[in-house]
Amino acid sequence: MHASPPRGLEVSHRIISERVARLELIKQKGVEPYPTKFSVTHTAAAVLEAFESLEKDQAAVAVAGRLLSKRGHGKASFGHILDRSGKLQAYFREDVLGPEGYELFGLLDVGDIIGVTGPVFRTRTGEVTVKAESVTLLSKSLRPLPEKWHGLKDVETRYRQRYVDLIVNTEVRRQFVLRSRIVSTIRRFLDSRGFIEVETPILQPLYGGAFARPFVTRHEALDMQLYLRIADELYLKRLLVGGLDRVYEIGKDFRNEGIDRTHNPEFTQLEVYQAYADYQDIMDLVEEMLVEVVTEVHGGTKCKYGEHELDFARPWKRVSYFGALKEAVGADLTGSSDEEVRALCVKLGMDVEAIATGKKPGAETGRAGAVQGGERGGQRAEARGVAQDGGGGAGGPVGGGGPGGAGWGRTMVRGRLLDELFSEKAQPNLIQPTFVYDYPKEVSPLAKDKGGSPGIVERFEPIVAGLEVGNAFSEQNDPLEQARQFDLQAQARADGALEVQPKDTDYLRALEYGMAPAGGLGLGIDRIVMILTDARTIRDVVLFPQLRAEALREEDEREDEGGSTPDAGA
RNA sequence: GCGCCGUUAGCUCAAUUGGCAGAGCAUCUGACUCUUAAUCAGGAGGUUGGAGGUUCGAUUCCUCCACGGCGCACCA
């Protein structure tokens, strides 16, 4: 499907007209082409499974699905039908169906949805087949399916018309079934541990819990502006205050940012909060949960992703943030000064000034891709906002004109450079499932300080195949400290940092009642599904990825179709 | 937002240096009662994504536009 549909439509229109003509013939025969119901006894897979006994008993089965192929041989034909479980061959004979029945079969097109009843047998070539004693048209198809051999490859059409993609590309179908199993396994895992699934507002008067520009919408009756949530975090932690000690939510977050191979504007995120736990407990939780998920979909802890053979077996590698950095750049930057970090970056050929001022060309890459779905609450991001003291975008909190690329404040350069170093040098090497823990405080203001380690917070990210798939920490539950962080953010906001969330005074009020110590986690479901289904782009694990509007000329098509009526089937 | 690449029949793809736009599958007609990329014979199907330009002549070269892919930026 390309922008304008022109000539091609004339042809497809011809094929459609032929099918419409056959549809009319079917109606003239008194056959209802769109009946309401068909009683199915077996799926295709069930027939294959139970073949031996079905054949012995000569039991008639009733199967239904889409007719994928027709191979006519005069007074007999073969065809395959596809249902939710797979494909099954059917055999149609005139002497069984009768002249009327066989004639009706002749009016069927590949793509029609039909029901077939009859006994099963094995053909001379060994394929389990239903011998049709009756055929029922269940839905007439008017559009031709893509070619049987090469299938549908055009990615644009595959995304725009996912329904066609799902019909003809079995691998795509399998992938989305797997996605569903991954999510249900996660639910089962958490449910069995006493977590309850909750639903918090998607339409929010104040957005928060991450550092991102939101989508803005409007409630007419209330006459107020609302935002689509960018994270669930602040609402879920309110529930901890309320005494729901183990909660989780799986839902869509919306971030008004660029689209690329790892970012869709709406994406699915799991957030989990467990009272009386810290980030170490959450690490265990993540390990155990993913082992269960991977085992469910792959039958073991191993999984291929691109060139890599991943193994999710416990225990995962655990490496501190500065340890990973040291391994990557050969220098221990723990407690390093701004100048030391800067000097190292210069030595490594990084454009320090550009990074520091937020204008670096062509860097900052690793982190970007990493987090969709991965990073929960955006602790780091908030930190960033806090640090911004200059430069960037002007205007209101939302929807201002600028790109939001405010310059990095002098106080924040170290954190920014560290992050850059980590994304560029350390993260890409972390292929096997790894926990990177103990992050610099500069980039994690909602996490709790690590006792005895100034400047470090209790936070970790699970990294798989070089991608951040989540973000977790021991939650900040000191209301006064949290208020200080909010005030710092307000400062950054005033300085023009578009992505910084507004101060959420109700959230602070909640914390003031007292929130149990807790560990929290955000896990990017899309990212997890990508890894477990060996998908290269997020669009392959999102059923209907966001695309620009298609130039559909529906009216024109309709008019054209009304035109000539080919001699087909007459 | 920027750069590069792409868009040819319903689908998958060809087309020498600018010289009559092709194939396979699908479709249509005919034959065929165990085929399975069924087979055999015959036919139809195109304003090469859109609009301009250069040229005797444009799928091919140039400009603009639309959509997509990749990269960058943004961001998670």
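All chains are named by letter (A, B, ...) in the order of the sequence lines, taking the proteins before the strands, and each is independently numbered beginning at 1. Just so it is clear, the values below take in all heavy atoms, side chains as well, and ignore hydrogens, waters and symmetry mates.
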Picking from U33(B), U12(B), C34(B), the nucleotide nearest the side-chain atoms of Lys153(A) would be U12(B)
**Message:** Tell me if the aromatic rings of Tyr102(A) and Phe92(A) count as close, with their centers under 6.0 Å from one another.
**Reply:** no
Against the side chain of Asp260(A), the closest entry in C74(B), U12(B), A37(B) is C74(B)
Rounded to whole Å, the CG-C1' distance (Asp112(A) to A26(B)) equals 14 Å
Check: Counting any heavy atom closer than 4.0 Å, what does Thr537(A) reach on the DNA or RNA strands: base, sugar-phosphate only, or nothing?
Finding: sugar-phosphate
Atom CZ of Phe92(A) and atom P of A38(B) are separated, to the nearest Å, by 14 Å
From the candidates A38(B), C70(B), U27(B), the one with an atom nearest any side-chain atom of Arg71(A) is A38(B)
Rounding to the closest angstrom, what is the interatomic distance between G19(B) and C32(B) at atom P?
-> 47 Å
Checking N1-N3 plus N6-O4 or O6-N4 for Watson-Crick, or N1-O2 and O6-N3 for wobble, each under 3.5 Å, the partner of C20(B) is none
At less than 4.0 Å, is any side-chain N or O atom of Lys148(A) found next to OP1 or OP2 of A26(B)? Yes or no. yes
task = Before accepting this row, confirm whether a basic side-chain N of the pair Asp165(A)/Arg173(A) lies closer than 4.0 Å to the acidic partner's carboxylate O.
result = no
Lys75(A) NZ to A31(B) P, in whole Å, measures 9 Å
Pairing partner of C40(B), by Watson-Crick or G-U wobble and under 3.5 Å for both distances, is G30(B)
**Asked** If the P atom of C61(B) is compared with that of U8(B), how far apart are they to the nearest Å?
**Response** 16 Å
Next on the checklist: Can you check the distance between A9(B) and C5(B), where both ends of the measurement are the C1' atom (answer in whole Å)?
Outcome noted: 24 Å
*Cation-pi, Tyr439(A) ring and Arg459(A) (6.0 angstrom, 45 degrees)*: yes
Result for side-chain contact (heavy atoms from CB on, under 4.5 Å) between Phe267(A) and one of Val542(A), Asp526(A), Val541(A) points to Asp526(A)
Notebook entry, point to check: At under 4.0 Å between heavy atoms, what does Glu94(A) touch on the DNA or RNA strands: base, sugar-phosphate, or nothing?
Noted result: nothing
For G3(B), the nucleotide meeting Watson-Crick or G-U wobble distances (both under 3.5 Å) is C70(B)
Looking across every strand, which nucleic acid part, if any, lies under 4.0 Å from Asp95(A) by heavy atom: base, sugar-phosphate, or nothing?
base
- Query: Does the side chain of Arg22(A) get closer than 4.0 angstrom to OP1 or OP2 of C28(B) through an N or O atom?
  - Reply: yes
Arg122(A) atom CZ, neighbour heavy-atom count above 12 within 6.0 Å: yes
On a whole-Å scale, what distance lies between the P atoms belonging to G53(B) and A58(B)? 12 Å
Taking for Gln89(A) and for Gly74(A) the nucleotide of RNA chain B with the nearest heavy atom, the one nearer the 5' end belongs to Gly74(A)
Looking only at C70(B), C74(B), C34(B), the nucleotide nearest the Arg536(A) side chain is C70(B)
Worksheet entry | Any N/O donor-acceptor pair, Glu156(A) side-chain to U7(B) base, under 3.5 Å | no
Per atom distances to the Arg261(A) side chain, the nearest of C34(B), C28(B), G71(B) is G71(B)
For this session: Determine, using ring centers only, whether Tyr437(A) and Phe460(A) are less than 6.0 Å apart.
Result: no
query = Base, sugar-phosphate, or nothing for Gly79(A), non-hydrogen atoms under 4.0 angstrom?
reply = nothing
The answer to which of Lys70(A) and Thr129(A) contacts RNA chain B further toward the 5' end, by nearest nucleotide, is Thr129(A)
Between CD of Glu18(A) and C1' of A26(B) the distance, given in whole Å, is 11 Å
In Watson-Crick or G-U wobble terms, with both distances under 3.5 Å, the base opposite G46(B) is none
Per atom distances to the Leu152(A) side chain, the nearest of C32(B), C11(B), C70(B) is C11(B)
Original post:
With a non-hydrogen cut-off below 4.0 angstrom, is Arg548(A) in contact with a base, only sugar-phosphate, or nothing?
Top reply: sugar-phosphate
Side-chain atoms of Pro146(A) come closest, of C11(B), A37(B), U33(B), to C11(B)
From CD1 of Ile538(A) across to P of C70(B) the rounded distance in Å is 12 Å
query: Can you tell me how far C1' in A14(B) sits from the matching atom in C74(B), rounded to whole Å?
result: 40 Å
Partner of G57(B) under the Watson-Crick or G-U wobble criteria, both distances under 3.5 Å, comes out as none
Closest to the side chain of Arg160(A), out of C13(B), C34(B), G68(B), is G68(B)
Interatomic distance at P, C64(B) relative to C20(B), whole Å: 29 Å
Taken to the nearest whole Å, CZ/Arg93(A) to P/U35(B) is 12 Å
Pick base, sugar-phosphate or nothing for Arg539(A), based on heavy-atom distances below 4.0 Å to the nucleic acid. sugar-phosphate
Using a heavy-atom cut-off of 4.0 Å across all strands, would you classify Leu547(A) as base, sugar-phosphate, or nothing?
sugar-phosphate
For residues 100-110 of chain A, the salt bridge (charged side-chain N to carboxylate O under 4.0 Å, His left out) pairs (sequence neighbours left out) are Arg22(A)-Asp109(A), Lys29(A)-Glu103(A), Asp109(A)-Lys140(A)
Exactly one of Thr43(A), Leu48(A), Val63(A) clears side-chain contact (heavy atoms from CB on, under 4.5 Å) with Ser85(A), and that residue is Thr43(A)
Margin query: Any base atoms under 4.0 Å from Tyr159(A), or only sugar-phosphate, or nothing? Heavy atoms, all strands.
Written below: sugar-phosphate
Indicate yes or no: at least one non-hydrogen side-chain atom of Val47(A) is less than 4.5 angstrom from one of Val128(A). yes
Any strand, both distances under 3.5 Å, Watson-Crick or G-U wobble: C25(B) pairs with G10(B)
When the C1' atoms of U7(B) and U48(B) are compared, how many Å lie between them, rounded to an integer? 10 Å
Rounded to whole Å, CD of Glu424(A) lies from C1' of C72(B) at a distance of 12 Å
Practice task
For C56(B) and C70(B), measure between their P atoms and round to the nearest Å.
Solution key: 42 Å
Taking G45(B), A37(B), C34(B) as options, the one with an atom nearest any side-chain atom of Arg14(A) is G45(B)
Within the pair Arg124(A) and U35(B), is there a side-chain N or O less than 4.0 Å away from OP1 or OP2? yes
Among the nucleotides U33(B), C11(B), U35(B), whichever has the atom closest to the side chain of Glu147(A) is C11(B)
